[in-house]
*Asks:* 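Pasting a structure below so you can have a look.
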Amino acid sequence: MTTTSHILGYPRIGDRRQTKFALEKYWKGKQDKAETLAQIEAVFTTNIQDQIDAGLDVITTGDFAHYDLVLTLATALGVVPPRFAGAETLDTFDRQFYFARGRDNTGKFADTAAWQMTKWFDTNYHYLVPELAKDQDFANTDFSQIIKQVNDAKAILDKNGVNKPLKVVLVGPVSFLYLATSENDDKTAHLDKLIPAYSQLLATLGELGVEYAQLDEPILSLDLDGTWQQAFERAYSTLQRIPPKIIVASYFDTLGNNINTACNLPVAGIHIDITRAKSPKQYAQQVIDQLPTHKILSIGVVDGRSVWTTDQAAAAEILGESYAKLGERLWVGSGSSLLHLPVDVSLENVPAALVGKLAFAKQKLSEVVTCAKLATGEIQADTNAVALNLTAPTSAAKARDGEFVERYAAQQDKLNLPLFPTTTIGSFPQTIEIRKARSQWNKGELSDADYENAMKAEIRRSVDEQEKLGLDVFVHGEAERTDMVEYFAKYMEGFWVSANGWVQSYGTRCVRPPIVVGDISRPTAMTVEWINYAQSLTNKPMKGMLTGPVTILNWSFAPSDTATRDILRLQIAEAINQEVGDLQDAGVAIIQIDEPAFREGLPLKTADQLHYWQQAVNAFKHSCSIAHKTTQIHTHMCYSSFHDCLAHISAMDADVITIETARSGLQLLDAFKGDGYHNAIGPGVYDIHSPRTPSSENMQVVIDEAVKYIPAERLWVNPDCGLKTRNWEETVAALANMIEMTKKVRQQYA
Ligand code: GLN
Ligand code: ZN
């Protein structure tokens, strides 16, 4: 008797980001489809080969999306929103990019608004939100991309002379609907037409000899109401029941109140992620007790979001007990897909203290196989948890003195800004010259002094442009930062930044999250010199520019347990607080502390959320607690929903918050209508993602709307995010319109 080892999914960007580079060349017209596909398929082949080589019992495929898994499925199901009419004549490869980018690579269709992107649960991965019509049918299906993966995987298995069952990953029907937007108020009404399409897809897979289908239903980790729980029963009882056997996968948290629903679905088995459970052992036990005795239970013990090696001793204990009860019905897997990890730690120059302690996606494959052997007792555990030994005492979070009204008046006395002060969010175009200088500097081809001079030249250019435009509050432009979190992590003690540890964030965009390796502190000032230099060039106030503790932690690899995260967040807050103090001492009067990921770490279960908000708010407040009354603290966020968290955003008590409004069609401002927010706001007056120059009339719509709810004296004028992805020409044109609009509204609302 034995167990079955498998994973839930694997990164598709490739160990050297091959997929990213291939697709970007294709989009730019620099290579044709055949060449592009050949490069991408090489990554696919490696993904299957890695699983075979690691010795996994079931080989997983179908997860190799070219952009996003939800998008792949929606495209396969024939979803074509009306503004993309005719797009069904494109093959699914080109069609999905048209949906995702709003731009058709074949040149057949005009540009239009891309599908919305939303964060995938509490990760920094973004999925594409399918748009369903009221009576959406799923008749025009095209499963060719999924079928191709199956056939290619089979060919690779054959070539290796191995005979292992295949498992295909699909987003499950209920989560698919939950995550989509629909013109139908009752999204579950789509099940009647959706389920036959899924059945057809499953039947096709069955005919191809696919043994298992992993239907991802991550919404099972949310607190679902009765309607959605019933939707599960309805969906799965009508789903076809000939091969492949269905494994319903939950991950990122426990099943919570959905445990009954999940255990009793008429499927072959379920997958649970115990890596995020408060007590993994009890959680596994609880599911085993409730699961009907013929079903498979896949236990995810290898954390799909942790870069650390697995605690074998703990895994052995839980799996051993589970195996005693489940026998062959026990499967051993990764908690979630390994998509959220960098690919291969063996490509890194790991510092001595970390050798043997890190495991990226490729290493996790072997860990899963090891854990399956620990379950049966075939081998004995030989590692324990890699503990972060946090020794630095964390003092209680502090907050700054004074009430907003009093502070803002004192700041105004000092700054003397006009009505509707104009500013930008921080970054200016990251030009080719900047990137070239940095890459030469990294390679040692440019001296520190020359690099510094190159960055200073960029700062001068930014200041000049702002001077010419006539902005009121300046920024230095962030030329010296590639990724802001990485920039600060490199300065702080307690982080390690890998050379090649890229993770897909959306489409071809990858990020390289720093890894927390110990107590976090700030040995030296991180930004003061750049800001001082920028301030020396102008009489206008220069904003200090920092990233907040909540965002730095959320965009790093750190332990997932709440207690450790609470400590780390405060340590980062203390480091930022020291930087605020130094900037203030250097005479900087306005300091922005960005928190674009403030909401991202929100736990999936409602019961855990209040604690998170309190900790996040306290950490932010601590990060600026050193600020004098006259030092104006700004923050910036760029996600699109404040409706359910305005009280917490208010509690941060930043003097000014700049937010994204243009793209979300003013809905965002809605949240500020009531009596919930008393401090100053800069609603983004134009969408920096748009390649077209926004007109000043369009920008004025935002201000005209905002003054209805927010007193003019508390309003700022700014774009909705940083400008680093734009070029200078676009930037200057758009900002000139913004200044022109501001002059008008100053007269109008004086
Ligand atoms: N200050 C940062 C910038 O302008 C903010 C980035 C962000 O919101 N993600 O680039
Ligand atoms: Zn932003």
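All ligand and atom numbering here is 1-based and tracks the order in the structure. The residues of the chain are indexed from 1 along the displayed sequence.
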*Asks:* Check each atom of ligand 1 against the heavy atoms of C638 and keep those under 4.0 Å away; list them by number with element.
*Replies:*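 Listed by number with element: 8 (O), 9 (N).
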*Asks:* What residue and atom, counting heavy atoms only, is the protein's closest point to atom 6 (C) of ligand 1, and at what distance?
*Replies:* M484 SD, 3.8 Å
*Asks:* Would you say E595 and P549 make side-chain contact, with heavy atoms under 4.5 Å?
*Replies:*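 A side-chain contact under 4.5 Å exists here.
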*Asks:* Please work out which of the three classes, parallel, tilted or perpendicular, describes the rings of W115 and F99, given edges at 30° and 60°.
*Replies:*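 Ring orientation of F99 relative to W115: parallel.
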*Asks:* For the residue pair Y451 and W441, does the interplanar ring angle fall in the parallel (under 30°), tilted (30 to 60°) or perpendicular (over 60°) class?
*Replies:*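 It falls in the parallel class, under 30°.
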*Asks:* Can you confirm whether K436 is buried at NZ, in the sense that more than 12 heavy atoms of other residues, nucleotides or ligands lie under 6.0 Å from that atom?
*Replies:* no
*Asks:* If you count the atoms of ligand 1 from 1 in the order shown, which ones are under 4.0 Å from a heavy atom of M545?
*Replies:*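 Listed by number with element: 1 (N).
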*Asks:* Does any N/O atom on W555 come nearer than 3.5 Å to any N/O atom on ligand 1?
*Replies:* no
*Asks:* At what distance is the nearest protein heavy atom to atom 2 (C) of ligand 1, and which residue and atom is it?
*Replies:*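 Here the closest protein heavy atom is D594 OD2, 3.2 Å.
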*Asks:* Hey, are the side chains of M117 and Y127 touching, using non-hydrogen atoms and a 4.5 Å cut-off?
*Replies:* no
*Asks:* Any N or O of I425 that comes nearer than 3.5 Å to an N or O of ligand 1?
*Replies:* yes
*Asks:* Is the closest side-chain donor-acceptor distance between H622 and E574 under 3.5 Å?
*Replies:* yes
*Asks:* For C721, take its heavy atoms, then give the atoms of ligand 1 lying under 4.0 Å from any of them.
*Replies:* 7 (C), 8 (O)
*Asks:* Provide, to 0.1 Å, the distance between atom 3 (C) of ligand 1 and the closest protein heavy atom, together with that atom's residue and name.
*Replies:* S427 OG, 3.3 Å
*Asks:* Would you compute the distance between atom OG of S336 and atom OH of Y125 and round it to the nearest 0.5 angstrom?
*Replies:* 13.0 Å
*Asks:* Within a distance under 4.0 Å of any heavy atom of G722, pick out the atoms of ligand 1 and give their elements.
*Replies:* 3 (C), 4 (O), 10 (O)
*Asks:* Is E478 close enough to touch ligand 1? Criterion: a residue heavy atom under 4.0 Å from a ligand atom.
*Replies:* yes
